[in-house]
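Everything on this sheet refers to the single structure shown next.
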Amino acid sequence: MRYDIVIIGGGIIGSSIAYHLAHDGRAGEVAVIERDPSYGEAATPRGSGGIRQLFSLPENVSMSGYGLPFYQNFAETMAVQDGAGQNETGKAEPADISFRRQGYLFVSDGGDAATMEANFRNQEGLGVKAELLDGPGLSHLFPAIRTDDIDLAVYSADDAWIDAYAALQGFKRKARNLGVSYRQEAVEAANFSKAKIEAITCASGERIEADLFILAAGAWSGALGALLSIDLPVEPMSRESYFFRCAAALEPLPFIKTETDLAFRPEGTGYTGGVPDWSVPAGWNFELDPTRFEEIVWPALAHRVPAMETLKLERGWRGHYARNRLDYSAIIGRWEAEPSNLYVATGFSGHGIMHAPATGLAIAELILGGRFETMDLSRFGTGRILRGEPYREAGIV
């Protein structure tokens, strides 16, 4: 089988790329190769779904600035016109992703207030509508939060979160509606000719040819990159998350991230979040630590929000970041070596959901127009990977 463009990886990044290519209309025949359409081990269904502008790198701020309105309008943008996507009235079925604009709060409680304030000044200059808060200011906005041991905080009321799995399915449904083919296959090998990938061979034995290939396989990208004869510093990094309820009724809280690694947000009638364990080695690990919530996460929650001393843990799970061990930043662009017909979109290190819309647009622009147009993501290109030159966030990543 032959296509113009083949995308390896059908998660939220690959499906956003597929949608943006098909929406443009110039891409020709596009296929997405996804080994597991149930996404049983994929990162997206296990992600927190946050979209924030609180970054130090201007590229990340720009990508989130594109993603916020995109996701806000996602239900209408991704509505489909075929029978499978129509409701009982015959109208296109919206792709609801439970977009919730309730803000992000960064808390400096680990001794790096200078970096957080410098990032805030930079964000202001880039048009982010954020507030720099001292303890009393934070207490005024969110009385439930303990503030006597914080240096400062930054609050971005425009930031939001979504149902990430619904967004993945929305991208996929719309891409298919626009003519993209989704193939359930596992890539096992690649064939090369004249410094290009000529075809991939799948576990089923099928050979799939294309003019261009895009690697967007998340935490699997390192292993799949080796099959494509490239060396990517991308590895699966396991993260444990939980859903819990608080006995007390609290004010509506934003998505809270602290310098001491606590991260949580409201979810329905409860909360979801955790404290990442940086001592866990890279690799696939779906087994929950039986004591971590009680010994690490619960005390951290109760310290920052005293009312959370009384909690009920309901469930836990593990997902995997596509961690770029060079600098924890995305890798987006054409591979600047052989094979010359390969593009890469991976290594988001936990930011893939929020930056999927911008990545899809950027890759489509690069392939179809030869350059980044809407936002310049050249610093995220593959050249820095080949040269071993990190381009990293400052402060909370």
Side-chain angles (χ1 to χ4, degrees), residues 48 50-68 103-134 138 149-159 233-235 237 239 254-265 273-279 282 300 304 321-333 346-355 358-359 362 372 375-385 387-397:
S48 63
I51 310 112
R52 61 175 164 95
Q53 301 168 91
L54 301 183
F55 287 97
S56 67
L57 299 182
E59 292 84 358
N60 281 332
V61 176
S62 296
M63 292 175 79
S64 293
Y66 178 81
L68 276 165
Y104 254 82
L105 179 71
F106 274 19
V107 175
S108 178
D109 60 355
D112 199 12
T115 296
M116 188 173 290
E117 183 170 359
N119 288 348
F120 165 74
R121 302 299 176 194
N122 183 49
Q123 292 150 12
E124 269 193 319
L126 294 169
V128 179
K129 297 176 182 178
E131 299 177 64
L132 187 67
L133 302 170
D134 57 12
L138 180 54
D149 62 341
I150 72 162
D151 297 310
L152 54 84
V154 175
Y155 174 52
S156 176
D158 287 343
D159 291 347
V234 178
E235 58 195 7
M237 196 65 193
R239 288 290 179 264
F255 197 135
I256 298 171
K257 288 178 70 72
T258 74
E259 286 177 345
T260 50
D261 287 336
L262 176 65
F264 70 99
R265 65 164 177 82
V275 178
D277 183 357
W278 298 103
S279 69
R304 188 52 53 210
Y321 289 172
R323 186 175 75 170
N324 173 6
R325 63 178 177 269
L326 175 67
D327 55 18
Y328 303 101
S329 294
I331 308 168
I332 302 172
T346 189
F348 289 87
S349 305
H351 306 147
I353 293 166
M354 69 180 79
H355 290 162
T359 301
F372 297 121
M375 62 203 88
D376 186 0
L377 303 184
S378 301
R379 295 291 299 272
F380 284 161
T382 64
R384 82 181 198 282
I385 305 300
R387 296 187 298 270
E389 298 174 355
Y391 185 52
R392 186 171 182 174
E393 279 286 323
I396 294 174
V397 176

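Heavy-atom basis, side chains included; hydrogens, waters and symmetry copies ignored. Since this is a predicted model, take the numbers as computed values, not measurements.
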Under the side-chain contact (heavy atoms from CB on, under 4.5 Å) criterion, do F348 and I332 qualify, and how do the steps go?
CA-CA 9 Å; F348 289 87; I332 302 172; 4.1 Å; yes
Evaluate side-chain contact (heavy atoms from CB on, under 4.5 Å) for I396 paired with L54, printing each intermediate quantity in order.
CA-CA 9 Å; I396 294 174; L54 301 183; over 6 Å; no
Given the rule in the side-chain contact (heavy atoms from CB on, under 4.5 Å) test, do M354 and N60 qualify, once you have shown the distances and angles that lead to the verdict?
CA-CA 10 Å; M354 69 180 79; N60 281 332; over 6 Å; no
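Considering D149, T258, T260 in turn, D149 is the only one that fulfils the side chain to side chain donor-acceptor pair (under 3.5 Å) rule with R304.
In this structure, A153 and L105 approach most closely via the heavy-atom pair CB-CD1, 3.9 Å. Residues P254 and G103 approach most closely at CB-O, 3.3 Å, considering heavy atoms. Taking each heavy atom of N119 and A394 in turn, the nearest pair found is ND2-O, 2.9 Å. When all heavy atoms of V234 and G347 are compared, the closest pair comes out as CG2-CA, 4.0 Å. Contact record, I51 with G67: CG2-C, 4.5 Å, taken as the closest heavy-atom pair. Heavy-atom minimum distance, M237 versus A282: SD-CA, 3.9 Å.
The closest donor-acceptor contact from the side chain of Q123 to the backbone of F55 lies under 3.5 Å. With hydrogens and angles disregarded, no donor-acceptor distance shorter than 3.5 Å links the side chain of S56 to the backbone of E393. Between the H351 side chain and the Y328 main chain, no donor and acceptor come within less than 3.5 Å of each other. For the pair S279 (side chain) and D277 (backbone), a donor-acceptor distance under 3.5 Å is absent. Looking only at distances, no side-chain donor or acceptor of D261 sits under 3.5 Å from a matching main-chain atom of V275. Judged by distance alone, with hydrogens and angles left aside, the side-chain atoms of E259 form no donor-acceptor pair with the main-chain N or O of G395 at under 3.5 Å. Between the side chain of S349 and the main chain of N324, a donor-acceptor pair closer than 3.5 Å is present. In this structure a side-chain-to-backbone donor-acceptor pair under 3.5 Å is present from D327 to Y391.
The shortest side-chain heavy-atom distance between F120 and L152 does not fall under the 4.5 Å cut-off. By the 4.5 Å heavy-atom criterion applied to side chains, F255 and R52 are not counted as neighbours. Put simply, the side chain of L132 does not reach to within 4.5 Å of the side chain of M116, judged on heavy atoms.
In this structure R379 satisfies the side chain to side chain donor-acceptor pair (under 3.5 Å) test with no other residue, sequence neighbours excluded.
With values rounded to the nearest 0.5 angstrom, R239 atom CZ is found 4.5 Å from W278 atom CH2. Atoms CG and CD, on D151 and E117 in that order, are 10.5 Å from each other to the nearest 0.5 Å. Rounded to the nearest 0.5 Å, atoms CD1 (I331) and OG1 (T359) are 11.5 Å apart. Interatomic distance, OG of S62 versus CG of D376, reported as 9.0 Å (0.5 Å rounding).
Aromatic rings of H355 and F380 (six-membered ring for Trp) have centroids beyond the 6.0 Å cut-off, not under it.
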